[in-house]
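For reference, the structure discussed in these notes is given below.
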Amino acid sequence: MLAGKRILLIVGGGIAAFKTPELVRLFKAAGAAVTPVLTRAGAEFVTPLTLGTLAGEEAHTALFDLTKEVEIGHIQLSRSADLVVVAPATADLMSKMATGAADDLASTLLLATDKRVLIAPAMNVRMWEHPATQRNLATLQKDGVAIIGPNAGDMACGEYGPGRMSEPAEIVARAEAMLSDGPLKGKRIIVTSGPTHEPIDPVRYIANRSSGAQGTAIAKALAALGAEVVFVTGPATVPSPSGVQVVKVETAAEMLGAVQTALPADAAVMAAAVADWRVENASKAKMKKDGGTLPTLSFTENPDILATVSQLAQGRPKLVVGFAAETNDVVAYATAKRGRKGCDWIVANDVRPETGIMGGSENAVTLITEAGAEDWPRMGKDAVAERLAARIAAAL
Ligand code: CTP
């Protein structure tokens with residue numbers, strides 16, 4: 001819930017602005033007060049009257065309205081909020097934020113604020129993928145700006161891909177997580193989850209049976225305790241949780257890159273089932289049967305994300321938690337793995353097919369810490385996640 005919280009909502013000039021009346025309505029329904037601010041272009045897509053009426057207070061548009069500057073200055077406007085939400089965050093607004101431009105009310109507020117900022121990017125897929133936008137995104141991430149979306153899908157411009165603004169309900173869930181007063185408030189935690197897909201050729205890949213259920217439950221439990229969660233997920237079968245920053249990847253190399261971009265963090269929980277190997281020379285074209293010889297795949301080892309993060313000389317998260325999926329000698333192998341990789345804790349589980357754990361809804365884990373091995377009874381993956389999140393909160 002957002003009772004007693006004030007959201008400063010900055011609406012950029014994109015077609016996704018049509019979702020902002022619903023966003024204001026949902027923020028109000030969750031108990032928040034909303035101050036709408038529209039850029040000049042934003043006001044072309046949705047009227048200040050609509051947003052002002054739904055918010056129950058005036059929507060602001062221009063910078064140099066002197067009467068209002070006396071009544072409520074832009075500095076005060078930017079400081080009186082608990083959270084600044086930019087939706088839609090256009091490529092232009094992101095660029096202004098990344099460079100510190102302040103040539104209208106919206107960009108001035110963003111430069112003047114001392115509050116956390118959540119942006120919901122929305123733009124054409126090519127604009128999103130352009131190196132300039134990706135550079136700006138990386139800068140904003142490093143500046144501590146929280147990002148939600150964009151989602152992939154059909155776009156108003158007729159193209160398909162990432163670029164759609166997150167749904168209003170997703171944005172509200174994320175704002176609630178960011179403003180929650182739980183024991184992990186102010187802590188940034190990276191969670192990896194799901195399998196990775198390692199390409200053989202453009203249509204074939206090597207994968208594993210991980211559903212992403214345990215990592216998803218952990219991300220959800222950490223967010224519920226108030227953590228800012230960056231959820232780096234391979235192609236999982238369960239949907240990503242709400243209230244977290246979702247970064248979708250396919251390969252182990254991409255997962256490592258996404259984790260490195262998400263650092264620094266207070267903790268990292270590596271629940272992904274990362275492929276140990278990838279095909280050395282994945283074919284650029286589809287491999288064809290030639291009626292005789294069988295293809296030979298040669299493999300090379302993938303980077304070990306858990307070991308890389310655990311052994312960082314600088315900027316290592318205070319707590320690094322790994323998983324160990326084993327089919328025999330679980331505690332012995334997991335204890336050795338903890339030492340070899342250099343992580344603080346290992347959550348070990350027995351993934352023999354007869355346990356039904358991999359891809360199932362329950363888990364039976366042993367938590368291995370410096371103090372030794374601790375068996376947890378078999379329970380739902382959500383319950384394992386909540387217990388682990390509580391332990392993480394106590395340790396940070
Ligand atoms: N892991 C990782 N990067 C890899 C491989 C594994 O980050 N390239 C992480 C997993 O997310 C997990 C832990 O390391 O937290 C252990 O994964 P697991 O597959 O059990 O171990 P392996 O490193 O593959 O070791 P082994 O093959 O000896 O079981």
Side-chain angles (χ1 to χ4, degrees), residues 189-199 205-219 221-222 229-236 238 247-263 265 267-280 299-312 316-317 319-353 355 357-359 363-369 373 376 381 384-385 388-389 391-392:
I189 305 183
I190 301 170
V191 177
T192 68
S193 182
T196 61
H197 284 182
E198 307 297 334
Y205 56 81
I206 294 168
N208 61 63
R209 293 185 196 282
S210 167
S211 64
Q214 187 64 80
T216 299
I218 290 168
L222 292 167
V229 177
V230 184
F231 182 67
V232 181
T233 178
V238 299
V247 183
K248 291 188 175 167
V249 298
E250 294 238 328
T251 65
E254 287 169 9
M255 189 173 273
L256 175 64
V259 167
Q260 284 169 329
T261 304
L263 287 166
V269 181
M270 306 297 196
V274 185
D276 288 322
W277 310 282
R278 67 177 180 279
V279 177
E280 194 163 20
F299 290 90
T300 184
E301 205 167 310
N302 269 331
D304 191 314
I305 303 162
L306 177 62
T308 306
V309 172
S310 298
Q311 292 163 26
L312 279 175
R316 180 193 192 275
L319 181 68
V320 182
V321 183
F323 275 69
E326 309 289 353
T327 53
N328 54 291
D329 301 309
V330 177
V331 171
Y333 277 136
T335 305
K337 206 169 268 185
R338 176 178 173 273
R340 197 169 61 241
K341 303 216 184 197
C343 58
D344 302 295
W345 299 351
I346 285 264
V347 181
N349 53 10
D350 182 345
V351 291
R352 278 174 300 151
T355 64
I357 283 175
M358 203 146 188
N363 209 347
V365 308
T366 304
L367 181 68
I368 293 164
T369 67
W376 290 4
K381 287 183 176 173
V384 170
L388 184 65
R391 289 290 286 265
I392 291 171

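First listed ligand is number 1; within each ligand, the first listed atom is number 1.
Checked against a 3.5 angstrom limit, the closest N/O atoms of Phe323 and ligand 1 fall inside it. By the 3.5 Å distance cut-off applied to N or O atoms, Ala273 is not counted among the residues near ligand 1. Taking any N or O of Val274, backbone or side chain, none lies under 3.5 Å from an N or O belonging to ligand 1. Looking at Ala325 next to ligand 1, an N or O pair under 3.5 Å apart turns up. Here's the thing with Glu326: none of its N/O atoms is less than 3.5 angstrom from an N/O atom of ligand 1. Between Lys341 and ligand 1, at least one pair of N/O atoms sits closer than 3.5 Å.
Residue contact check: Lys337 has heavy atoms under 4.0 Å from atoms 16 (C), 18 (P), 20 (O), 21 (O), 22 (P), 25 (O), 26 (P), 29 (O) of ligand 1. Heavy-atom contacts of Leu306 reach the following atoms of ligand 1: 2 (C), 7 (O), 9 (C), 13 (C), 14 (O), 15 (O) (cutoff under 4.0 Å). Shown in contact with Gly322 at under 4.0 Å from a heavy atom are these atoms of ligand 1, numbered in order with element: 15 (O). Each of the atoms 10 (C), 11 (O) of ligand 1 lies under 4.0 Å from some heavy atom of Ala272. Set against the non-hydrogen atoms of Ala324, the atoms of ligand 1 under 4.0 Å away are 20 (O).
The nearest protein heavy atom to atom 19 (O) of ligand 1 is not closer than 4.0 Å.
If you take CZ on Arg391 and CH2 on Trp345, they are separated by 5.5 Å, rounding to the nearest 0.5 Å. The line from CH2 of Trp376 to CG of Leu367 is 5.0 Å long, rounded to the nearest 0.5 Å. Taking CG of Leu319 as the reference point, atom CD1 of Ile392 lies at 6.0 Å (rounded to 0.5 Å).
Taking 4.5 Å as the limit, some side-chain heavy atom of Val320 sits within range of a side-chain heavy atom of Leu306. Counting only heavy atoms from C-beta outward, the side chains of Pro195 and Arg209 never approach each other to under 4.5 Å. Inter-residue side-chain proximity for Arg338 and Ser310 is flagged as unmet; no heavy-atom pair is nearer than 4.5 Å. No side-chain heavy atom of Asp344 sits under 4.5 Å from any side-chain heavy atom of Val321.
The aromatic rings of Trp277 and Phe299 lie perpendicular to each other, with more than 60° between the two planes, well past the 30° mark.
For Glu301, the heavy-atom gap to ligand 1 stays at 4.0 angstrom or more. Heavy atoms of Arg340 come nearer than 4.0 angstrom to ligand 1 in at least one pair. The closest approach between Met255 and ligand 1 stays at or above 4.0 Å for every heavy atom of the residue. Distances from ligand 1 to the non-hydrogen atoms of Ala252 include no value under 4.0 Å. In this structure, Pro303 has a heavy atom closer than 4.0 Å to ligand 1.
In terms of protein heavy-atom proximity, atom 3 (N) of ligand 1 is nearest to Ile305 N, 3.0 Å. For atom 15 (O) of ligand 1, the nearest protein heavy atom (residue, atom name, distance) is Met270 O, 2.6 Å.
The two residues Arg278 and Pro303 make their nearest non-hydrogen contact at NH1-CD, 3.9 Å. Closest heavy-atom contact between Ala334 and Ala324: CB-CB, 3.9 Å. Considering all non-hydrogen atoms of both residues, Ala348 and Ile368 come closest at CB-CD1, 4.2 Å.
For the pairing with Glu198, the side-chain contact (heavy atoms from CB on, under 4.5 Å) check across Asp276, Thr251, Val279 returns one residue only, Thr251.
Contacts with ligand 1 closer than 4.0 Å are made by side-chain heavy atoms of Asp276 only, the backbone lying farther away.
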